[in-house]
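Please read these numbers as outputs of a predicted model, since none were measured by experiment. All residue numbers in this chain count up from 1 along the given sequence.
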Amino acid sequence: MSWGPFAEGKNDYFTNETLKEIGEQYGKSVAQVALRYLIQRNVVVIPKTVTKERMIQNFDVFDFVLTNDDMEKIEKLDQEQSLFFSHYDPETVEFLTGLGKKTVKP
Ligand SMILES: NC(=O)c1ccc[n+]([C@@H]2O[C@H](COP(=O)([O-])OP(=O)(O)OC[C@H]3O[C@@H](n4cnc5c(N)ncnc54)[C@H](OP(=O)(O)O)[C@@H]3O)[C@@H](O)[C@H]2O)c1
C-alpha cells in the first residue's frame with residue numbers, strides 16, 4: 001500500500017524527466033504515470049490532493065497500460081532509501097513502538 005504515492009512531491013517528483021517522457025506517449029501527466037505504475041504492480045494507492053481537477057486526473061488512470069519497457073525504466077528510478085524514515089532504523093522502531101505507551105509523570 002502506498003500512503004504517499006507521489007512521495008509528497010519530494011525530490012522534484014512532478015518534474016521527473018523519465019515520468020514526463022513516458023506520460024507524453026499516452027497523453028498522461030507525471031502523477032498519472034506514477035499511479036499507473038503502482039497499480040500495475042498491485043500496490044494500493046492513496047493519493048492526496050486538495051485540488052478538484054487533480055483529483056479527477058488521479059482517478060483517470062484506467063484507460064492506458066504501461067509497457068514492460070516503461071515499467072523497467074521507472075523501476076530504475078528507485079534510490080533504495082526512504083525519503084522519510086527507515087523502518088529498519090532502531091531509533092525509528094523505538095519511537096513507533098513507544099507511541100502507544102502511557103507516560104507516567106513522576
Ligand atoms: N505519507 C504518509 O506517511 C501518510 C501517513 C498517514 C496518512 N497519510 C495519508 O495518505 C494520503 C497521502 O498523502 P501525502 O500528502 O502523504 O502524499 P502524496 O499523495 O504522495 O502527495 C501529495 C502531494 O501531491 C500533490 N498532488 C496530488 N495529485 C497531484 C497531481 N495530479 N498533480 C500534481 N500534484 C499532485 C498534492 O498537492 P495538492 O494537494 O496541492 O494538489 C500534494 O502536495 C493523505 O490522505 C495522507 O493524509 C499519509
Side-chain angles (χ1 to χ4, degrees):
M1 181 183 290
S2 177
W3 285 62
F6 306 131
E8 298 175 0
K10 287 178 199 279
N11 260 9
D12 298 325
Y13 198 101
F14 294 108
T15 54
N16 181 279
E17 282 303 323
T18 304
L19 299 178
K20 243 200 298 198
E21 278 169 25
I22 292 172
E24 278 163 12
Q25 298 175 74
Y26 306 100
K28 295 289 177 184
S29 69
V30 164
Q32 288 170 313
V33 171
L35 293 176
R36 187 70 213 181
Y37 169 79
L38 292 166
I39 290 166
Q40 282 186 215
R41 291 192 59 184
N42 293 322
V43 176
V44 174
V45 290
I46 310 178
K48 171 258 163 186
T49 180
V50 295
T51 317
K52 187 179 170 188
E53 289 69 28
R54 286 180 177 169
M55 203 178 287
I56 291 168
Q57 189 191 115
N58 293 348
F59 277 115
D60 184 21
V61 293
F62 298 101
D63 60 351
F64 75 112
V65 178
L66 297 172
T67 62
N68 287 342
D69 188 45
D70 295 331
M71 296 293 284
E72 278 168 23
K73 278 185 195 157
I74 298 171
E75 217 167 301
K76 284 190 187 133
L77 298 175
D78 186 2
Q79 298 180 343
E80 297 186 4
Q81 62 179 30
S82 172
L83 290 171
F84 303 93
F85 53 78
S86 168
H87 288 89
Y88 297 105
D89 176 2
E91 274 184 35
T92 304
V93 175
E94 263 177 41
F95 168 74
L96 292 172
T97 54
L99 284 178
K101 290 183 189 155
K102 281 188 182 158
T103 311
V104 182
K105 286 185 184 163

Q: With respect to K28, which candidate in D60, I22, V61 satisfies the side chain to side chain contact (heavy atoms under 4.5 Å, CB included) definition?
A: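 The passing option is D60.
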Q: Just do the side chain to side chain donor-acceptor pair (under 3.5 Å) check on T67 and D70 with the steps written out, would you?
A: CA-CA 5 Å; T67 62; D70 295 331; 3.1 Å; yes
Q: Using modelled atom types and a 3.5 Å cut-off, is there a donor and acceptor pairing between side-chain atoms of Q40 and backbone atoms of L66?
A: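 Indeed, once roles are kept as given, a pair shorter than 3.5 Å links the two residues.
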Q: If you measure from CD on E24 to OG on S29, what distance do you get to the nearest 0.5 Å?
A: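 Rounded to the nearest 0.5 Å, the CD-OG separation comes to 11.5 Å.
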Q: CG of D12: more than 12 outside heavy atoms within 6.0 angstrom?
A: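 Check fails, neighbour count at 12 or below.
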Q: Indicate yes or no: at least one non-hydrogen side-chain atom of N16 is less than 4.5 angstrom from one of F14.
A: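 Heavy-atom side-chain distance check fails, nothing below 4.5 Å.
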Q: Counting C-beta onward and ignoring hydrogens, is there a side-chain heavy-atom pair between S2 and I46 closer than 4.5 Å?
A: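 SC-SC contact between S2 and I46 ruled out.
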Q: Compute whether any side-chain donor of one residue and acceptor of the other, for Q81 and S86, lie under 3.5 angstrom apart.
A: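 Result is no, nothing qualifies.
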Q: Minimum heavy-atom separation for A7 to L83, with atom names?
A: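 Minimum heavy-atom contact is CB-CD1, 3.8 Å.
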Q: Could you check whether any side-chain N or O of R36 sits under 3.5 Å from a backbone N or O of V65, counting only pairs where one atom can act as donor and the other as acceptor?
A: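 Between the backbone of V65 and the side chain of R36 there is no qualifying donor-acceptor contact (under 3.5 Å).
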Q: Check the surroundings of atom CZ in F84: do more than 12 heavy atoms from other residues, nucleotides or ligands lie under 6.0 Å from it?
A: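 Yes, because the 6.0 Å sphere around CZ of F84 holds more than 12 heavy atoms from other groups.
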Q: Using the side chain to side chain contact (heavy atoms under 4.5 Å, CB included) rule, take V43 and Y37 through it: C-alpha gap first, then chi angles, then the decisive distance, then the call.
A: CA-CA 9 Å; V43 176; Y37 169 79; over 6 Å; no
Q: Cluster question for you: counting only ILVMFWY and a side-chain heavy-atom cut-off of under 4.5 Å, with indirect links fine, are V44 and F59 together?
A: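 No: no chain of side-chain contacts under 4.5 Å links V44 to F59.
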Q: What is the ring orientation for Y13 with F6, classed by angle as parallel under 30°, tilted 30 to 60°, or perpendicular over 60°?
A: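 Rings of Y13 and F6: perpendicular, over 60°.
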Q: Are W3 and F85 connected in the hydrophobic side-chain network, where two residues link if heavy atoms are under 4.5 Å apart?
A: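 Each belongs to a different hydrophobic cluster.
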Q: With rounding to the nearest 0.5 Å, note down the distance linking CD in E94 to CG in D89.
A: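 Answer for the CD-CG pair, E94 versus D89, is 9.5 Å.
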Q: Begin from the C-alpha positions of L96 and H87 and carry the test side chain to side chain contact (heavy atoms under 4.5 Å, CB included) through to its verdict.
A: CA-CA 9 Å; L96 292 172; H87 288 89; 4.0 Å; yes
Q: For a quick test of your reading: what N or O donor-acceptor pairs under 3.5 Å do the side chains of residues 71-79 make, sequence neighbours left out?
A:
| from | atom 1 | to | atom 2 | distance (Å) |
| --- | --- | --- | --- | --- |
| D78 | OD1 | E80 | N | 2.8 |
| Q79 | OE1 | N11 | ND2 | 3.3 |

Q: Checking side chain to side chain contact (heavy atoms under 4.5 Å, CB included) for the pair M1/V45: CA distance, chi angles, key distance, verdict?
A: CA-CA 6 Å; M1 181 183 290; V45 290; over 6 Å; no
